[in-house]
Amino acid sequence: MTPRRLLLLGPPGAGKGTQAQRLVAKLGVPQVSTGDMLRAAVVSRTPVGQQAQAYMDRGELVPDAVVIGVAEERLSRPDTAAGFVLDGFPRTAAQARALDALLQKLGRSLERVLSIHVDDDVLVERLVRRSQVEGRSDDTPETVRRRMRVYREQTAPLIDYYRLQSLLAEVDGRGSVEEVERRIQEALAA
Ligand code: AMP
């Protein structure tokens, strides 16, 4: 049976959001994107949004306590019982431990972690293009560089964390959306 409790890991611009949407359409489970939830909170000026905005604009991570609260609330809703595609959470070791604890409390566990690999020069190119298409305020060259450094320093160590739990599948993120999607399907079938 295809795994349905999934996590996508990868640097900004690797295609996590796009591939999460493809998976969601295929599996019929919700996408859980802390980035999307935080952007919505900023737009509607909730307390979470007000806490998060300055960090997001600078390309830094929003504090663990804030993000963990958002993720816990979302994952505790009943529509995630049949599965979920986590995209952009966890991003730190503390978040990964909080996720493990939450899932354990809910009597669930992650089934597969897909780590999407893309070279830095391709990432920069994709992010510059995204900034033109989507107008995201955190896609400026300076914040892009900072987000890539934050990924390397704080999030990339999670690759080993999940490898040790035998959950990791590494996916080549080069090429078209369809090519990467096919590799992800192969990784899920393996
Ligand atoms: P994303 O859309 O996943 O690239 O997230 C955009 C921005 O939201 C990031 O650069 C962070 O400022 C913030 N963010 C999203 N998810 C997290 C997370 N799990 N931990 C901390 N900050 C996050």
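Residue numbers run from 1 in the order of the sequence given. Atoms within each ligand, like the ligands themselves, are counted from 1 in listed order.
When the shell of 6.0 Å around CZ of Arg174 is examined, it contains 12 or fewer heavy atoms from other residues, nucleotides or ligands. Around CD of Glu134, the count of heavy atoms belonging to other residues, nucleotides or ligands within 6.0 Å exceeds 12.
An N or O contact shorter than 3.5 Å links Arg91 to ligand 1 by distance. For ligand 1, the polar-atom distance check finds no N/O of Asp36 at less than 3.5 Å from any of the ligand's N/O atoms. Here's the thing with Val62: one of its N/O atoms is less than 3.5 angstrom from an N/O atom of ligand 1. In terms of N/O distances under 3.5 Å, ligand 1 is not approached by Leu61.
Looking only at heavy atoms of the protein, atom 14 (N) of ligand 1 is closest to Leu38 CD1, 3.5 Å. The protein non-hydrogen atom at the shortest distance from atom 10 (O) of ligand 1 is Arg147 NE, 3.8 Å. Residue, atom and distance of the protein heavy atom nearest to atom 20 (N) of ligand 1 are Gln95 NE2, 2.9 Å. Among all protein heavy atoms, the one lying closest to atom 16 (N) of ligand 1 is Thr34 OG1, 2.8 Å. The single protein non-hydrogen atom nearest to atom 8 (O) of ligand 1 is Met56 CE, 3.4 Å, given as residue, atom name and distance.
Between Leu7 and the options Leu110, Val85, Asp87, a side chain to side chain contact (heavy atoms under 4.5 Å, CB included) holds for only Leu110.
Salt-bridge check for Asp100 with Arg97: failed, with every basic side-chain N at 4.0 Å or more from each acidic carboxylate O. In this structure, Glu178 does not pair ionically with Arg182, as no charged nitrogen and carboxylate oxygen lie closer than 4.0 Å.
With 3.5 Å as the limit, one finds a donor-acceptor pair spanning the side chains of Thr80 and Arg108.
Contact analysis puts Arg39 in contact with ligand 1, with a non-hydrogen atom separation below 4.0 angstrom.
The backbone N or O of Gly88 sits less than 3.5 Å from a side-chain atom of Arg91, completing a donor-acceptor pair.
Near Glu60, the atoms of ligand 1 lying under 4.0 angstrom from a non-hydrogen atom of the residue are 11 (C), 12 (O).
The CG atom of Leu61 sits 10.5 Å away from the OH atom of Tyr55 when rounded to the nearest 0.5 Å.
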